[in-house]
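Residue numbers start from 1 in every chain, and the chains themselves are labelled A, B, ... in the order their sequence lines are given, proteins ahead of strands. Only heavy atoms go into these numbers, but all of them, side chains included; no hydrogens, no water, no symmetry mates.
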Amino acid sequence: MAENSRYNPAEIERYWYEKWMEAGCFQAKNYSGIPYVIVIPPPNITGFLHIGHALNNTIQDILIRWKRMSGFNALWVPGTDHAGIATQNVVEKELMKKGLTRKDLGREEFLKEVWKWREKYGNCIIEQLKRLGVSCDWTRLCFTMDKNFSRAVQTVFVSLYKKGLIYRGKRIINWCPRCATALSDEEVEYDSYDGNLYYLKYPVEGGKFIVVATTRPETMLGDTAVAVHPSDERYKDLIGKKVRLPFVNRLIPVIPDYQVDMEFGTGAVKVTPSHDPADYAIASRHNLEFITVMDETGRMNENAAIFEGLDRFDCRAKIIEELGKQGLVEKIEPYSYRIGHCYRCNTIIEPTISTQWFVKMKQLAQPAINVVKQGQLRFYPERWTKVYLQWLDNIQDWCISRQIWWGHRIPAWYCSNKSCPPIICLDAPQQCPQCGCKNLIQDEDVLDTWFSSWLWPFAVFGWPEKTKDLEFFYPTSTLVTAQEILFFWVARMVMAGFEFTGKKPFESVYIHGTVRDEKGRKMSKSLGNAIDPLEIIDHSGADALRFSLISLTAFGQDVFLPDSFYHKGRNFVNKIWNSFRYIEILLEKNDCSYVKIERIELEPDNLHLAERWILTLLNKKIIHITECLNNFRFNEAADSIYEFFWHQYCDWYIELSKMYPAKDPYLVSSVIFVLNYVMLKTLKLLHPFIPFVTEELYSRMKRFTDVKDAFVATSDWPSPSDTFEFGDSLKLMNRIKEIVVEIRDLKTFFKIPVTKNLRATYQGISLLDADEYRRMVEFLSGIKFQKTDQIIKTHSKDEIVRSIEDGFFSIKLDGIVDIEVEVKRLLNEKQKVLKAYQETEKKLTNSAFLNNAPSIVIERTKQLRNELESELVKIEKDIELLTGEKS
RNA sequence: AGGCGGUUAGCUCAGUCGGCAAGAGCGCUUCCCUUACAAGGAAGAGGUCGUGGGUUCGAUUCCCUCACCGCCUACCA
């Protein structure tokens, strides 16, 4: 018995996942019904399931399971992302263990290695997702390097090029010296950096100096001007003069530019067009020379004079040392500023002039802006609309070429005759259309991984082929993602959707919060603060993890998780498990082997209060939870079922069911039905949140009921029942609960276990005259009532008297009543109630309130006032009973 | 610099259209191993809803100010 009393998820979860797969529960039906479609944000093949994935995928699974149960043709398309840089890094690291570099292997051999790696490890995260219980249609598993996906990527490239929306050019871009590749603006993460502001003295022709302030002295070797504000009096006479740059002895001009901030530093700024985006802009305006001083690994190159070969940061120190020797460092101040890092390896980015491929974004952005402005594509929470639009309004061209090998190779070929334009086409050309030359070389570079991801919502359905899938399942319904990839991915998918399919890719976007640790930091392996979801699944089950996560994550709000966060779900699942055991045992005791739930055969009119009450409450919950899900209010839905199941069904209804002796006719005919009925509906409501335990219990339920659906996963979502709606039952039940709590409170106060049965007499209290209600109160509070006609107005050490409803009761307590303490407690209580009463009374005598407040509010306030008043009267009566005098 | 969030019980957080005697889980106190469940049951204690104004009959909720925390954008070297 003891071992059964704890839910053990491991085996059950494994078992049901297999069953679902075998039965094809997660597969969409063939082009029938109304589709509801989600495409997964494809995780990296290098990834391991972290708590953010767990949240993201649980939300999607809740939606898809709920919609599936609600009768939609639900499809959740899974897949993975080839993650160019990240994957290449991983494989290179593997090679390094053998003392090899990718260059040792050569492109083809290296790519073979990557494919081998991906075959071996690329689906790790997929297997981990399965352990979470997600109901993706795995027969449709996609990969961004699949053949048809490649075709889609190439098609898009060629199409955009032909439209003039893709171009190749020399621009300043973000360069990662460690990955040795260009990055897009979005792939750079900015962090604050405690560095210095160096004040350097540049000798001006004619003997004076001009002092420039810089955070990056090493870039001075590439300076091609010094800029000052045109109206800066200090430097007016220097404009047009030349400055001799130390070490390289280059003469560079002092130029006027409005971009210069007179207030900052000395008001004079060194201009390094090849290594700073702002300087690049100045240089473009003034036709300055571009001199690159570093190589692709971040070492100083041949333009760096005596510093050639030094790492850029070593060079910084060395240059300051040398300038110092020459008396050219005026001062050094500590200075904190933001600096860009590679989002894949965290190396400090080097802005560099480089020839790359770019996508012109302005034109593509327009439909993506319009669709959101016109409200045809919505964000939840709505505030993301603004962030999205702001980014699109200021969109910059997208650098899409990467100097790596793993990815979609750019479909561009160059003729050996340098004057011929590049040849852009799907398949390798045989000869140059311009000059007929057959000596063609394909561009070495590959495309940004996001250049394939942005096609995800339609490429997964076979685009550019006009497939039936595409026609039926596209556009998709809801996209569920985190804010981090709003620009990277979401905005670009919308652009791609319109550009290539003429349609928005999804109806709505739900953006959930980021999971952080208790200090507000992102969860990350390097910080060592990551909670491993798999560990939780191992020990407490996926259901526990899922429920806890959802319950703790408010609508679109970041969530801070303490280590023990998963207890809530774990305990809840255990509660469900045990309540079910109660039912099983009860059935056995009553020789009740078959319960008709689906074909209801009982008369609603014959039901008692408890049954009427729990059924009515169930109706309310079904409505509420469905409403919550419609609005992405997952935590509210989860907490609402939690409250209902635990604190209403278990705490009150199951407890009440225990008052019937075994084989009692009403128990067998009605209570057992209601216990099962509510359990069944609740399992369904809970299934999207905690699929495993609900499936297990549903299957057990099938053994002793007429429930026929093969799986709860494919059964129907509950709707409220007209048959089981009993309007006044809620109020009446609440009165009974109040009386019970009052008595339990008294017993607790006198340190008597609730289970200890006591005798009491009562007078008045018409509610107790009804056998049914009296029995409920007696059972739940452990009291045996005896009606009396004698006026109860005395108390003693052996007896405590209480007023309640329209009468009194008196409980025998055998000499333990301490009147002093009890009176004190009541006086305390009276103060509280009195205060609340006075407040409502004040409102109700305020004519402004009566004139302005809506009538329903006035009604409610009146009702509250009356309740408070009678409670006050009651407390006063109780005090009087105890002390014999009016308080 | 701008934008967006947050500030509610000891902790982590809910609180939708302004109208509650301000909620949950954990923790805490007292009692209970009652035949589903101690990962449990019963009953409690605990909050001036960040500051200062404003609008309103009424503000945790709406508006403004400030403070602190976090995030995101931006060419101040």
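- Within the 4.0 angstrom heavy-atom criterion, no nucleotide atom of any strand lies near A/Glu584.
- For A/Glu263, the salt bridge (Lys or Arg N to Asp or Glu O under 4.0 Å) criterion is met by no residue, not counting sequence neighbours.
- Each of A/Glu839 and A/Ser551 was assigned the nucleotide of RNA chain B with the nearest heavy atom; the assignment lying further toward the 5' end belongs to A/Ser551.
- Nucleic acid contact for A/Phe572: none, since no nucleic acid atom lies under 4.0 Å from a heavy atom of the residue.
- Nucleotides B/rA45 and B/rG5 have their P atoms positioned 37 Å apart, rounded to a whole Å.
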Atom pairs, protein N/O to nucleotides 74-77 of chain B N/O, distance under 3.5 Å:
from   : atom 1 : to       : atom 2 : distance (Å)
B/rA74 : N6     : A/Arg338 : NE     : 3.3
B/rC75 : O2     : A/Gln259 : NE2    : 3.3
B/rC76 : O2     : A/Asp261 : OD2    : 2.0
B/rC76 : N3     : A/Asp261 : OD2    : 2.8
B/rA77 : OP2    : A/Tyr335 : OH     : 2.6
B/rA77 : O2'    : A/Ala213 : O      : 3.3
B/rA77 : N6     : A/Asp261 : O      : 2.7
B/rA77 : N6     : A/Phe264 : O      : 3.0
B/rA77 : N1     : A/Asp261 : N      : 3.1

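- By the salt bridge (Lys or Arg N to Asp or Glu O under 4.0 Å) test, A/Arg312 pairs with A/Glu350, sequence neighbours left out.
- Evaluation of atom-type donor-acceptor distances gives no pair under 3.5 Å for the side chain of A/Lys751 against the base of B/rC31.
- Here the side chain of A/Asp745 is nearest to one of B/rG44, B/rA42, B/rA36, namely B/rG44.
- Residues meeting the ring-ring contact (aromatic ring centres under 6.0 Å, His included) test with A/Phe290, sequence neighbours left out: A/Tyr280.
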Given side chain to side chain donor-acceptor pair (under 3.5 Å), test A/Thr219 with A/Lys270 step by step and report yes or no. CA-CA 9 Å; A/Thr219 63; A/Lys270 62 191 266 317; 2.5 Å; yes
For nucleotides 57-60 of chain B, give me every protein contact, N/O to N/O, under 3.5 Å, one pair per line with atom names.
from   : atom 1 : to       : atom 2 : distance (Å)
B/rC57 : O2'    : A/Asn846 : ND2    : 3.1

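- Rounded to whole Å, atom C1' of B/rA39 lies 20 Å from atom CZ of A/Phe580.
- Proximity of the aromatic rings of A/Tyr388 and A/Phe379 is defined here by a centroid distance below 6.0 angstrom, and this criterion is met.
- Contacts of A/Glu822 classified as side chain to side chain contact (heavy atoms under 4.5 Å, CB included), with partners at least two apart in sequence or in another chain: A/Leu746, A/Phe749, A/Phe750, A/Ile800, A/Arg802, A/Arg825, A/Leu826, A/Leu882.
- A/Arg338 forms no cation-pi arrangement with A/Tyr190, by the criterion of a distance under 6.0 Å to the ring centre and an angle within 45° of the ring axis.
- Place A/Phe555 and A/Thr748 on RNA chain B by their nearest nucleotides, and A/Phe555 ends up nearer the 5' end.
- Using P as the reference atom, B/rG15 and B/rU61 are 14 Å apart when rounded to the nearest Å.
- When distances run from any side-chain atom of A/Tyr582 to the nucleotides B/rA43, B/rA36, B/rG19, the shortest one goes to B/rA36.
- Among the heavy atoms of the strands, none lies under 4.0 Å from A/Asn851.
- Between B/rG46 and B/rG23, the distance separating the two C1' atoms is 13 Å to the nearest Å.
- We find that A/Lys874 and A/Glu742 are joined by a salt bridge, their nearest charged nitrogen and carboxylate oxygen being less than 4.0 Å apart.
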Might you list the N or O atoms of the protein lying below 3.5 Å from N or O atoms in nucleotides 3-9 of chain B, with each pair's distance?
from  : atom 1 : to       : atom 2 : distance (Å)
B/rG3 : O3'    : A/Lys386 : NZ     : 3.2
B/rC4 : OP1    : A/Lys386 : NZ     : 2.9
B/rG5 : O2'    : A/Gln557 : NE2    : 2.8

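- A donor-acceptor pair is defined here as one N or O able to donate and one able to accept, closer than 3.5 Å; no such pair exists between the side chain of A/His229 and the backbone of A/Asp261.
- For the residue pair A/Thr481 / A/Tyr510, no side-chain donor-acceptor distance below 3.5 Å is found, with atom types taken as modelled.
- Because its NZ or CZ atom is both nearer than 6.0 Å to the ring centre of A/Tyr199 and within 45° of the ring axis, A/Lys331 counts as a cation-pi partner of that residue.
- Shown here, B/rC17 is classed syn by the O4'-C1'-N9-C4 or O4'-C1'-N1-C2 angle, which is within 90° of 0.
- The base of B/rA43 has none of its N or O atoms less than 3.5 Å from a complementary donor or acceptor on the side chain of A/Arg744.
- Nucleotides B/rG27 and B/rA36 have their P atoms positioned 24 Å apart, rounded to a whole Å.
- Partners of A/Phe264 according to the ring-ring contact (aromatic ring centres under 6.0 Å, His included) rule, which considers only residues two or more places apart in sequence or in another chain, are A/Tyr335.
- The separation between A/Met701 atom CE and B/rA36 atom P is 17 Å, rounded to whole Å.
- With C1' as the reference atom, B/rC26 and B/rA14 are 14 Å apart, rounded to whole Å.
- Residue A/Cys650 has its side chain nearest to B/rA36 when only B/rG40, B/rA42, B/rA36 are considered.
- At a threshold of 4.0 angstrom between heavy atoms, the contacts of A/Ile583 with the nucleic acid are absent.
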Contacts under 3.5 angstrom, residues 858-865 of chain A side chains, donor-acceptor by atom type, not counting sequence neighbours:
from     : atom 1 : to       : atom 2 : distance (Å)
A/Thr861 : OG1    : A/Val857 : O      : 2.6
A/Arg865 : NH1    : A/Glu841 : OE1    : 3.0

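- If you take atom P in B/rC4 and the same atom in B/rC64, they sit 10 Å apart, rounded to whole Å.
- Closest to the side chain of A/Asn578, from the set B/rA14, B/rA43, B/rA36, is B/rA36.
- The side chain to side chain contact (heavy atoms under 4.5 Å, CB included) test applied to A/Asn174 returns A/Leu183, A/Asp185, A/Val188, A/Ile349, not counting sequence neighbours.
- Take A/Lys842 and apply the salt bridge (Lys or Arg N to Asp or Glu O under 4.0 Å) test, not counting sequence neighbours, and it matches no residue.
- When each of B/rA36, B/rG25, B/rC37 is scored by its nearest atom to the side-chain atoms of A/Lys568, the top-ranked nucleotide is B/rG25.
- Between A/Lys832 atom NZ and B/rC20 atom P there is a gap of 18 Å when expressed in whole angstrom units.
- No engagement by A/Glu829 is indicated, since no non-hydrogen atom pair under 4.0 Å with the nucleic acid exists.
- Atoms OH (A/Tyr380) and C1' (B/rU16) sit 14 Å apart, rounded to a whole Å.
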Which dot-bracket string describes RNA chain B (Watson-Crick N1-N3 plus N6-O4 or O6-N4, or G-U N1-O2 and O6-N3, all under 3.5 Å; [ ] crossing; | other strand)? (((((((..((((.....[...)))).(((((.......))))).....(.(((..]....))).))))))))....
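- If you take atom P in B/rC49 and the same atom in B/rG3, they sit 28 Å apart, rounded to whole Å.
- Between B/rC63 and B/rC75, the two P atoms lie 31 Å apart (nearest whole Å).
- The side chain of A/Ile585 has B/rA36 as its nearest neighbour among B/rA42, B/rG25, B/rA36.
- Out of B/rG41, B/rU34, B/rA43, the shortest distance to the side chain of A/Thr755 is found at B/rU34.
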Stepwise, does the side chain to side chain donor-acceptor pair (under 3.5 Å) test hold for A/His647 with A/Asp651? CA-CA 5 Å; A/His647 297 307; A/Asp651 288 354; 2.9 Å; yes
